[in-house]
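Computed from a prediction, not measured in an experiment: that's the story for all the values here. In what follows, chains carry the letters A, B, and so on, assigned in the order in which the sequence lines appear, proteins first and then strands, with residues in each chain numbered from 1.
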2 protein chains.
Amino acid sequence: MISQKAKYALRALLALARAGDRGLVTAEIAETQTIPRKFLEQILLDLKRVGIVHSRRGKFGGYYLLKPADNITFGEVLRLIDGPIAPLPCLSRIAYRRCDDCRSEQNCEIRRVFAHVAQSARDVLDRTTIADALTSPGKAEALADYSTQPA
Amino acid sequence: MISQKAKYALRALLALARAGDRGLVTAEIAETQTIPRKFLEQILLDLKRVGIVHSRRGKFGGYYLLKPADNITFGEVLRLIDGPIAPLPCLSRIAYRRCDDCRSEQNCEIRRVFAHVAQSARDVLDRTTIADALTSPGKAEALADYSTQPA
DNA sequence: GACAAACCCTACCGGATTAATGGAGATTTA
DNA sequence: TAAATCTCCATTAATCCGGTAGGGTTTGTC
């Protein structure tokens with residue numbers, strides 16, 4: 001499960017992408033997206049620190065996308081907020097760590113299986129951008145059947 | 001990330017599969033797999049309750065696979081120990097829950113994207129069995145390149 | 001029938017994480 | 001200067017994770 005925080009971050013970015021150059025103030029995002037205002041502020045600061053959004057302070061300030069929407073991937077947002085996408089530390093790109101109790105990484109059956117899971121998750125998350133998510137369902141979706149029902 | 005507990009469960013099952021009809025006592029699994037003994041006992045009880053393993057008490061007791069190794073999937077073990085595989089509650093098969101703050105599930109961009117992630121995770125986890133994991137790397141692995149390096 | 005080896009069950013616990021909340025401060029524009 | 005806005009830091013309540021502890025029950029052997 002992805003965290004609530006990550007969901008909020010993605011929702012905020014989708015809203016900012018829709019707003020375009022006009023940008024949005026935190027209160028507005030919080031209200032329309034049903035995100036606790038103060039929590040959202042922290043999230044936007046995180047997104048700002050890594051250069052995904054920027055902000056203007058003071059009256060008529062607000063938040064704006066800094067990177068173009070088609071250059072912000074779900075993967076990078078998730079890694080920022082929730083940490084590694086990989087299901088095992090020994091499969092993480094951004095935070096590789098040997099499993100402390102693992103004899104041989106080469107021969108680890110569990111690692112071998114989850115490597116596939118990690119790869120296919122990355123295939124989706126690192127290729128899908130905020131802009132992609134905003135385009136109408138039919139367009140970028142070859143697998144539309146998976147998307148509308150609880151499978 | 002999958003939990004340590006799930007990793008232990010999978011390792012225990014792999015060990016039991018290798019042991020076959022001889023079975024194994026908890027102490028033996030704990031030692032060879034580097035799993036805290038008492039913690040392992042709890043895990044094996046969980047696996048027993050759902051009929052994946054069975055046990056014999058008393059002297060010369062131990063644990064045995066009840067289901068054939070080629071009929072135990074990574075997915076079912078993961079769901080048992082860690083809960084839903086789906087990255088969003090509204091995409092879970094075993095524990096569907098509407099996102100409390102989601103306007104329209106049909107139009108949720110985030111849900112649409114993560115539906116693909118969930119599906120591809122399930123494609124691997126529900127098709128891969130303990131027996132598969134034990135067969136030599138080259139055999140069931142079309143994507144061997146992903147499996148040996150931290151990608 | 002005592003003993004030992006094994007599984008079975010329940011409770012607890014410390015540390016980390018999650019999802020916030022609160023308040024004071026800095027900045028910008030009118 | 002006032003108002004609106006972002007910025008920063010501290011705190012918190014609840015939950016989860018990864019165990020530990022301490023028995024209790026069953027089975028086989030001598």
_Of residues 25-39 of chain B, the positions that come close to DNA chain C - non-hydrogen atoms, cut-off under 4.0 Å_ =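 Hits under 4.0 Å, by residue number: V25(B), T26(B), K38(B).
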*asked:* Looking at Y63(A), I'd like to know whether one of its side-chain N or O atoms comes within less than 4.0 Å of OP1 or OP2 on dT5(D).
replied: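 For dT5(D), neither OP1 nor OP2 has a side-chain N or O of Y63(A) closer than 4.0 Å.
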Euclidean distance, atom [atom1] of residue [X] to atom [atom2] of [N] [Å, nearest integer]:
X: K59(B); N: dG28(D); atom1: NZ; atom2: P; value: 11 Å
X: R57(B); N: dT26(D); atom1: CZ; atom2: P; value: 5 Å
X: L16(B); N: dC7(C); atom1: CG; atom2: P; value: 10 Å
X: F60(B); N: dC3(C); atom1: CZ; atom2: P; value: 18 Å
X: H54(A); N: dT27(C); atom1: NE2; atom2: P; value: 18 Å
X: L40(B); N: dA6(C); atom1: CG; atom2: C1'; value: 13 Å
X: I81(A); N: dA19(C); atom1: CD1; atom2: C1'; value: 13 Å
X: M1(B); N: dT18(C); atom1: CE; atom2: P; value: 12 Å

_Side chain proximity check, D126(B) to R79(B), heavy atoms < 4.5 angstrom_ =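 Yes, at least one pair of side-chain atoms sits under 4.5 Å.
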_Min side-chain heavy-atom separation L10(A)-I130(A) under 4.5 Å_ =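 Of all side-chain heavy-atom pairs linking I130(A) with L10(A), at least one is under 4.5 Å.
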Under a 3.5 Å distance rule, please check whether [X] uses its side chain to pair with a backbone N or O of [Y] as donor and acceptor.
X: R57(B); Y: G61(B); result: no
X: R111(B); Y: Q106(B); result: no
X: R97(B); Y: C90(B); result: no

_Given DNA chain C, 5'-ward residue of the pair R56(A) and L44(B), judged by closest heavy atom_ =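 Per heavy-atom nearest nucleotide, the more 5' residue is L44(B).
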*asked:* Between dC6(D) and E41(A), counting only base atoms on the nucleotide and side-chain atoms on the residue, is there a donor-acceptor pair under 3.5 Å?
replied: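 No such pair is found, so the answer is no.
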*Can a donor-acceptor pair under 3.5 Å be found between the side-chain atoms of Q42(A) and the base atoms of dT7(D)?*
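Checked by distance alone, the answer is no.
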*Mind checking ring pair (Phe, Tyr, Trp, His ring centres under 6.0 Å) for Y8(A) and listing every partner two or more places apart, or none if nothing turns up?*
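Ring pair (Phe, Tyr, Trp, His ring centres under 6.0 Å) check on Y8(A) returns F39(A).
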_K7(B) with D82(B): basic N within carboxylate O range, under 4.0 Å_ =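 D82(B) and K7(B): not salt-bridged.
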_Hydrogens and angles aside, do D100(A) and Q4(B) bring a side-chain donor and acceptor to less than 3.5 Å of each other?_
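No donor-acceptor contact under 3.5 Å links the two side chains.
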*Establish, from distance only, whether the side-chain atoms of D46(A) and Q42(A) form a donor-acceptor pair under 3.5 Å.*
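There is no such pair between these side chains.
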_Among residues 45-52 of chain B, which ones have heavy-atom contacts with DNA chain D below 4.0 Å?_
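Here the set is empty: none.
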